[in-house]
Amino acid sequence: MNPNITTLPKVELHLHIEGTLEPELMFELATRNHIALPYHSPEALRKAYQFDDLQSFLDLYYQGANALITEQDFYDLTWAYLLRCAEDNVIHTEIFFDPQTHTDRGIDFDTVINGIHRALIDGERQLGISFGIIACFLRHLSQESAFETLTSVLQHQDKIIGVGLDSSEVGHPPQKFQQVFDQAKASGLYTVAHAGEEGPAQNISDSIELLHVSRIDHGVRCTEDPELVDMLIQTQMPLTVCPLSNLKLKVFDEMTQHNLVTLLDKGVAVTINSDDPAYFGGYMNANFAAVDEAFKLTNPQLAKLSLNAINASFIDEPTKRVYRQKIQHWLDNTK
Ligand code: ADE
Ligand code: ZN
């Protein structure tokens, strides 16, 4: 791996905490919670991680989340991810969780958020990693269910900074969630949405215009609409791109065909993120390395990717300034 990737301070903005559940921890939790898994070993489970598209991944991902039951499980899951962040020099992370994946199977919202939040607080104190938490609505469920979830989110607004929209994009366009996003925004929450991953470029424009999002998660299909790309450049609307995820879910056949670097060079505010690293073959450094292998990133390009993420984050301005200085320091001291 390019050693400059290792030392570059990084900010992650697109990470599903349930997607960090490594097979080994899944087995440990299943044993602890007396749950039977349909695989005989972590290796057998890992071998099943061959996906044709987003839905084939989501089916396994929701099944995997069944191993998470207690507040300690959510703590352990989040703590394991934070240790990976420390290894990869991630200085700030804004993580997603999917409340309905857990509440729909009888796990209390409080159990989930309290476990995740406690680990992130420990991570901030012990590892120096700052954080934000974003609750995602599952778009294959109804807006009514999203409204119920929003009620719980608002009871934990001291811990949750925003809401997002994930799960099956095709057939579940942004307008399905317009009212619940309006209410979230009116309540002071940030909004983000997955769009233009498997769904059309129109979903990106609609998420911006109808859901008033601050960032687009994925957004790689924007290139199908040149006017939209121009608008993304003008407005500096951030895209949280996930290169290894896009390869695993066959959004692109080869990394050399990925549009991330073209978009970066055009001035789109793209960032690199890991999405569901336990399923897609790597955390932040692995994602940067995969792009670097295909495109040979220069140090200014690497720095720009981190600066884009700092600018796109929901960090307060004084902290953003400190983080920008870290990138400048890295650039000044890296050959
Ligand atoms: N949930 C977890 N990962 C996702 C992705 N890449 N797209 C949509 N929903 C998701
Ligand atoms: Zn995602």
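Atoms within each ligand, like the ligands themselves, are counted from 1 in listed order. These numbers come from a predicted model, not from an experiment.
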Report task. Check whether any side-chain heavy atom of L297 sits under 4.5 Å from a side-chain heavy atom of V291, and report yes or no. Result -> yes
Requested in this report: Heavy-atom distances under 4.0 Å are what count here, so tell me which part of E169 touches ligand 1: side chain, backbone, both or neither.
Outcome: neither
Query - Co-members of the apolar cluster containing Y190 [side chain, <4.5 Å] - result: F96, I134, I161, V192, F314
Query raised in the report: Got a salt bridge between R221 and E198, using NZ or NE/NH1/NH2 to carboxylate O under 4.0 Å?
Result: no
Query raised in the report: Just how far is it from atom CD1 of I95 to atom CD1 of I17, taken to the nearest 0.5 Å?
Result: 4.0 Å
Report summary line: The complete set of ring-ring contact (aromatic ring centres under 6.0 Å, His included) pairs with one or both residues in residues 100-122, sequence neighbours excluded, reads F74-H102, F97-F109, F109-H156, H117-F131
Query - Check ion pair D73-R32 (N to O, under 4.0 angstrom) - result: yes
Requested in this report: Could you tell me whether E87 and R84 make a salt bridge, using a distance below 4.0 angstrom between a side-chain N and a carboxylate O?
Outcome: yes
Query - Part of D217 with heavy atoms under 4.0 Å of ligand 1, whether side chain, backbone, both or neither - result: neither
**Report entry** Contact partition for F96 relative to ligand 1, non-hydrogen atoms under 4.0 Å
**Finding:** neither
Query raised in the report: Between N273 and T271, does a side-chain hydrogen bond (donor to acceptor under 3.5 Å, both in side chains) hold up when you go through it step by step?
Result: CA-CA 7 Å; N273 308 272; T271 63; 2.9 Å; yes
Query raised in the report: Evaluating non-hydrogen atoms only, which member of G19, G164, S167, S245 is closest to atom 9 (N) of ligand 1?
Result: S167
Query raised in the report: Of the protein's non-hydrogen atoms, which lies at the shortest distance from atom 3 (N) of ligand 1, and what is that distance?
Result: D276 OD2, 2.6 Å
Report summary line: salt bridge (Lys or Arg N to Asp or Glu O under 4.0 Å) filter on R215, not counting sequence neighbours, yields E94
Query raised in the report: Between R321 and D316, is the closest basic N to carboxylate O distance under 4.0 Å?
Result: no
Report task. Run the numbers for me: atoms of ligand 1, each under 4.0 Å from some heavy atom of F57, listed by number. Result -> 2 (C), 3 (N)
Report summary line: Checking N89, N285, T93 against K10 for side chain to side chain donor-acceptor pair (under 3.5 Å), the one that qualifies is N285
**Report entry** ligand 1 contact on D98 by region, counting heavy-atom pairs under 4.0 Å
**Finding:** neither
Report summary line: Sorted by chain and number, protein N/O/S atoms nearer to the Zn ion (ligand 2) than 2.8 Å are H14 NE2, H16 NE2, H194 NE2, D275 OD1
Requested in this report: Please state whether E198 comes within less than 4.0 angstrom of ligand 1, counting heavy atoms only.
Outcome: no
Report summary line: For atom 7 (N) of ligand 1, the closest protein heavy atom turns out to be E197 OE1, 2.8 Å
Query - atom 6 (N) of ligand 1: the protein heavy-atom neighbour that sits closest, reported with distance to 0.1 Å - result: D275 OD2, 2.7 Å
Report summary line: shortest atom 1 (N) of ligand 1-to-protein heavy-atom contact is with H16 CE1, 3.5 Å
